[in-house]
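Notes follow once the structure below has been shown.
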Amino acid sequence: MAEAPVAARSDPAPVLAAAGREAKPSAADLLAWYDRHRRDLPWRARPGETAEPYRVWLSEIMLQQTTIAAVRPYFAAFLDRFPTVEALASASSEAVMSAWAGLGYYSRARNLHACARAVVAQHGGRFPDTEEGLRALPGIGPYTAAAIAAIAFGRPAAAVDGNVERVVSRLHRVEGDFAQALMDLGATICTPKRPACALCPWLGPCRARQAGLQENYPVKAPKREGLLRRGAAFVAVKPDGAILLRTRPPKGLLGGMAEVPTSEWRGDYDSAKAVLDAPFEARWRRAPGVVRHVFTHFPLELAVLVGRAAADAPAPEGMRWTSRAGLADEPLPNLMKKVLALALGEALPERPKAARRRG
DNA sequence: CATGCGTGGGA
DNA sequence: TTCCCAAGCAT
């Protein structure tokens, strides 16, 4: 990676360099490209303006493993509901989880809330302006710490691991826009499939392109496909429409999110015997079909059983009755929205989802 | 250090 | 339809 410190080299110069192209990637080329092609995103400062750390942080957390298109409406909704880090810190856990519902990877939401509280309680409401300080906060790892330090505080940090950052920053005396320029390059030109190499400011020095193997990189580790699990979900309805819900354990799958009671999810679950797992005795009726859902590491099929409860039926231990109107404020993951939609024969009121826009 | 952890959209 | 993801983090 690093340039050889001595001039004497036995390797012949690459053919492409002889054709007049750059032999190595220059930060100037990348930044010139960025000046012309930078994307205008809600959490980004306009040229010349200073990025707001709260917005940068919020967007970076949301964008972890998540597309810009998915993040846009959630980012807008969060800013509207929690305009400042203080507002977010003082919000209830339920409000935060509910606002995050549908975005996935819910540990991010728990850490987001914990981070906001730490910033307020330990840093006077100001985000630390160094990678090290940021890295110490919940939900902020090496990548995100570097990204925030560079974007919000102008630190010469490349949003990669520390070793690469050190090499690159020394090699090019990197400052300012480099992090965002790299992100835009990766998002719009250097895409996983069919990269637009002809438009790339680093076309010349790209080794993969020179070999014609750009689509073979990066090499990805094969991941094993998860085995199908099955289970049953129980939608209990009172005469006034209230639904029986409970909250999942704070950690693990869908941690802290709301759900209707379900059986265990197992590969050999027999939904014909599902009624044995019901939260209370009733005439449970099987809704037609199943709910299919794919998690990160396994697919799931849930049978849905619907039962009526008396108006004065108490909620079983650890559960609660939620009015139909109150469902909108529950942190229901998409899986549970599918279950309720099937059980109630209607779609739940959609969370405000902005019109599709391209990232 | 390998694994667990969601979702919607594009190809 | 089916496949493959997308600005990682915590443990």
Side-chain angles (χ1 to χ4, degrees), chain A residues 38-39 41-44 51 55-75 97 100-115 134-152 157-162 165 177-195 215 218 220-227 229 248-257 259 265 291-300 331-338 350-351 353-359:
Chain A
R38 74 199 313 273
R39 293 170 294 173
L41 299 171
W43 45 86
R44 275 189 178 171
R55 289 174 166 241
V56 172
W57 164 70
L58 180 60
S59 69
E60 286 298 334
I61 301 300
M62 287 185 166
L63 285 163
Q64 288 167 4
Q65 301 296 103
T66 308
T67 60
I68 285 178
V71 164
R72 276 184 189 274
Y74 282 86
F75 181 79
M97 298 307 288
W100 195 277
L103 199 51
Y105 284 132
Y106 297 101
S107 66
R108 292 185 297 172
R110 294 191 302 276
N111 286 329
L112 184 87
H113 198 200
C115 183
L134 289 161
R135 180 68 184 78
L137 292 166
I140 297 182
Y143 170 81
T144 304
I148 298 174
I151 297 168
V160 291
D161 69 76
E165 173 198 331
D177 285 342
F178 198 79
Q180 291 185 98
L182 267 185
M183 291 178 193
D184 278 16
L185 190 67
T188 66
I189 303 291
C190 197
T191 50
K193 284 169 286 189
R194 297 181 60 84
E215 302 221 34
K220 314 228 50 163
K223 51 188 165 194
R224 199 168 303 173
E225 183 175 342
L227 295 178
R229 298 183 203 180
R248 292 179 63 87
K251 296 193 173 183
L253 186 72
L254 304 175
M257 302 297 283
E259 67 175 4
W265 305 345
V291 165
R292 288 190 176 82
H293 193 76
V294 181
F295 290 106
T296 312
H297 52 298
F298 68 93
L300 174 67
L332 292 164
N334 272 15
L335 166 64
M336 288 300 146
K337 290 185 176 174
K338 291 182 193 175
E350 287 274 335
R351 183 169 302 282
K353 204 169 256 188
R356 318 241 184 270
R357 276 195 289 173
R358 307 201 47 180

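Chain letters run A, B, ... following the sequence lines, proteins first and then strands; every chain starts at 1.
- Position along DNA chain B of the nearest nucleotide to A:Arg194 versus A:Ala70 favours A:Ala70 as the more 5'-ward residue.
- For the pair A:Asn111 (side chain) and A:Ile140 (backbone), a donor-acceptor distance under 3.5 Å is absent.
- Closest to the A:Gln64 side chain, of the nucleotides B:dT7, C:dG8, C:dA7, is C:dG8.
- Residues A:His293 and A:Phe295 place their aromatic rings such that the two centres sit under 6.0 Å apart.
- In terms of position on DNA chain C, the residue among A:Ala187 and A:Arg135 whose nearest nucleotide sits closer to the 5' end is A:Ala187.
- Contacts of A:Arg248 classified as side-chain contact (heavy atoms from CB on, under 4.5 Å), with partners at least two apart in sequence or in another chain: A:Leu253, A:Leu254, A:Glu259, A:Trp265.
- As rounded to the nearest Å, B:dC1 and C:dG8 have C1' atoms that lie 15 Å from one another.
- Spacing between atom CZ of A:Arg72 and atom C1' of B:dT7 amounts to 18 Å, rounded to whole angstrom units.
- Here A:Lys251 lies in heavy-atom contact (under 4.0 Å) with sugar-phosphate atoms only.
- Between the C1' atom of B:dG6 and the CG atom of A:Leu332 lies a distance of 15 Å, rounded to the nearest Å.
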Below 3.5 Å between N/O atoms, which protein atoms pair up with nucleotides 1-6 of chain C? Just atom names and distances, please.
unit_1: C:dA6; atom_1: N3; unit_2: A:Gln65; atom_2: O; d: 3.4

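- Between the C1' atoms of B:dC5 and C:dA6, the separation comes to 14 Å (whole Å).
- Across all non-hydrogen atoms, the minimal contact from A:Leu134 to A:Ala145 is CD1-O, 3.6 Å.
- Looking at heavy-atom distances under 4.0 Å, A:Val71 makes no contact with the nucleic acid at all.
- The distance from atom CG of A:Leu253 to atom P of B:dT7 is 9 Å, rounded to the nearest whole Å.
- Residue-to-nucleotide contacts include no donor-acceptor pair under 3.5 Å from the side chain of A:Thr296 to the base of B:dG4.
- Every pair tested for salt bridge (charged side-chain N to carboxylate O under 4.0 Å, His left out) that includes a residue from residues 140-151 of chain A fails, sequence neighbours excluded, so the list is empty.
- Rounded to a whole Å, the CD atom of A:Glu215 is 13 Å from the P atom of B:dA11.
- Listed by chain and residue number, A:Trp43, A:Leu63, A:Phe75 satisfy the side-chain contact (heavy atoms from CB on, under 4.5 Å) test with A:Ser59 (two or more places apart in sequence, or in another chain).
- For A:Gln65, the side-chain contact (heavy atoms from CB on, under 4.5 Å) partners are A:Tyr105, not counting sequence neighbours.
- When distances run from any side-chain atom of A:His293 to the nucleotides C:dG8, B:dG6, B:dT7, the shortest one goes to B:dT7.
- Taking atom CH2 of residue A:Trp100 and atom C1' of nucleotide B:dT7, one finds them 12 Å apart after rounding to whole Å.
- One interatomic measurement links the two molecules: CG of A:Leu182 to P of C:dA7, which rounds to 12 Å at whole-angstrom precision.
- In this structure, A:Leu103 reaches the bases: a heavy-atom distance under 4.0 Å links it to at least one base atom across the strands shown.
- Spacing of P atoms, C:dA7 relative to B:dA11, comes out at 15 Å, to the nearest Å.
- Look at CZ on A:Arg108: it is 16 Å from P on C:dT11, rounded to the nearest Å.
- A:Thr66 pairs by the side-chain hydrogen bond (donor to acceptor under 3.5 Å, both in side chains) definition with A:Arg108, not counting sequence neighbours.
- You'll find that the side chain of A:His297 is closest to B:dG4, out of B:dG4, C:dA7, C:dA10.
- Here B:dG4 presents its C1' atom at 12 Å from CZ of A:Arg110, a figure rounded to the nearest Å.
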